[in-house]
Amino acid sequence: MPFNRTLLSVTLVVVALVVQVSVLARLQLPGATPDLLLLVVLGLAFVYGPVSGSLIGFAAGLLADLAPPADHAAGRYALVLCVIGYVAGMTRPENGQIKSAFAPMAFVAVAAVGSTLLYAGVGALVGDTAARHVGLGSLLFTAVVYDLLLAPFTVPLIMALARRTENDPVAESSTGGDVAAGWLASGTGLRIGSQRSGMRLRAARGRAARAGRIKGVKRL
């Protein structure tokens, strides 16, 4: 991956892992723990595509496997996030524009369910039956709820940062086609780029009107 991608990805993954281990895991919420690391992988994969998404997912999962207090085999969560990152990258539109929040939010819910099931499935293969004792249904429900509540505050920001480091023309165009901008503007019926264009047009008309008034005063 390019240096900008690598630097941003490492920074976001490390910050997310620290917050998840030191803050979210200590909240003692019922059921699952809010998976900030999963949301970071999703946000980056939505922008960078499947190959980078899988690499970022593998690296993020491996760090989570090794971070204390690790109670499972190393590589287990790395496999899960590698698959999730690849699939999330495959959903990225060719033009890089996501104009509705429904698609990414739906994928967040699918990823929360898929990562939980895949993690439990890999654990069952290596003899870890902890998910059975906790209750898989409860884990799935709480994982979806927590991740959906956290996603609107994290994924758009991560996508916007990824766009900036990419120097993507889509992010810099005046049409408002940025994937993160489309997420943030969804549900309002407004396009951010169109709103900015309208503001510039109104400002230009205001300057022209003021110039006309000044000229009229001078003529008097």
Side-chain angles (χ1 to χ4, degrees), residues 8-47 53-89 91 101 103-159 161-162 180 183:
L8 177 67
S9 301
V10 170
T11 302
L12 291 177
V13 165
V14 171
V15 171
L17 182 60
V18 171
V19 172
Q20 183 162 326
V21 171
S22 61
V23 178
L24 298 179
R26 296 177 183 273
L27 294 178
Q28 299 298 322
L29 295 174
T33 300
D35 200 340
L36 183 59
L37 202 59
L38 172 66
L39 299 179
V40 168
V41 172
L42 290 179
L44 294 175
F46 285 149
V47 177
S54 61
L55 293 175
I56 294 169
F58 179 81
L62 188 60
L63 286 177
D65 288 332
L66 300 176
D71 57 353
H72 56 271
R76 181 173 166 186
Y77 200 46
L79 173 62
V80 172
L81 288 187
C82 179
V83 174
I84 294 296
Y86 183 83
V87 177
T91 66
M105 287 295 285
F107 195 87
V108 167
V110 171
V113 173
S115 62
T116 303
L117 290 176
L118 187 56
Y119 185 83
V122 174
L125 292 177
V126 297
D128 185 358
T129 59
R132 297 179 183 177
H133 301 294
V134 176
L136 187 58
S138 174
L139 285 177
L140 291 174
F141 177 76
T142 53
V144 172
V145 171
Y146 296 154
D147 290 348
L148 285 178
L149 290 176
L150 194 59
F153 303 101
T154 56
V155 179
L157 176 60
I158 293 166
M159 295 171 70
L161 291 174
W183 183 319

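Count residues from 1 along the sequence.
For the atom pair CG of Leu42 and CG of Leu81, the computed distance is 8.5 Å after rounding to the nearest 0.5 Å. Taking CD1 of Ile84 as the reference point, atom OG of Ser115 lies at 5.5 Å (rounded to 0.5 Å). To the nearest 0.5 Å, the span separating SG on Cys82 from CD1 on Ile56 amounts to 11.0 Å.
No side-chain heavy atom of Phe141 sits less than 4.5 Å from a side-chain heavy atom of Thr116. In this structure the side chain of Val108 reaches within 4.5 angstrom of the side chain of Leu39, judged on heavy atoms. The closest side-chain heavy-atom distance from Ile158 to Phe46 is not below 4.5 Å.
For the pair Ala64 and Leu37, the tightest heavy-atom approach, listed with the atom from each and the gap, is CB-CD2, 3.7 Å. Of all heavy-atom pairs between Leu24 and Pro34, the closest is CD1-O, 3.6 Å. Looking at every heavy atom in both residues, Ser138 comes nearest to Gly31 through OG-CA, 4.2 Å. The two residues Gln20 and Leu36 make their nearest non-hydrogen contact at OE1-N, 3.0 Å. Looking at every heavy atom in both residues, Gly43 comes nearest to Met159 through O-CG, 3.5 Å. Here the closest non-hydrogen pair linking Val41 and Gly85 is CG1-CA, 3.9 Å.
Applying the side chain to side chain contact (heavy atoms under 4.5 Å, CB included) test to Ala78 and every residue at least two apart in sequence or in another chain returns Phe58, Leu62, Asp65. A search for side chain to side chain contact (heavy atoms under 4.5 Å, CB included) contacts involving Val144 returns Ala109, Ala112, Val113, Leu148, not counting sequence neighbours.
In the displayed structure, Tyr146 atom OH is contacted under 6.0 Å by more than 12 heavy atoms of other residues, nucleotides or ligands.
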For Thr154 and Val40: C-alpha separation, side-chain torsions, deciding distance, then whether side chain to side chain contact (heavy atoms under 4.5 Å, CB included) applies. CA-CA 8 Å; Thr154 56; Val40 168; over 6 Å; no
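Side chain of Thr142 to main chain of Ala32: a donor-acceptor pair is present (N/O by atom type, distance under 3.5 Å, no hydrogens or angles). In terms of modelled atom types and a separation under 3.5 Å, the side chain of Asp147 and the main chain of Asp35 share a donor-acceptor contact.
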Listed pairs under 3.5 Å, donor-acceptor, residues 11-18 side chains, sequence neighbours left out:
from: Thr11; atom 1: OG1; to: Leu7; atom 2: O; distance (Å): 2.8

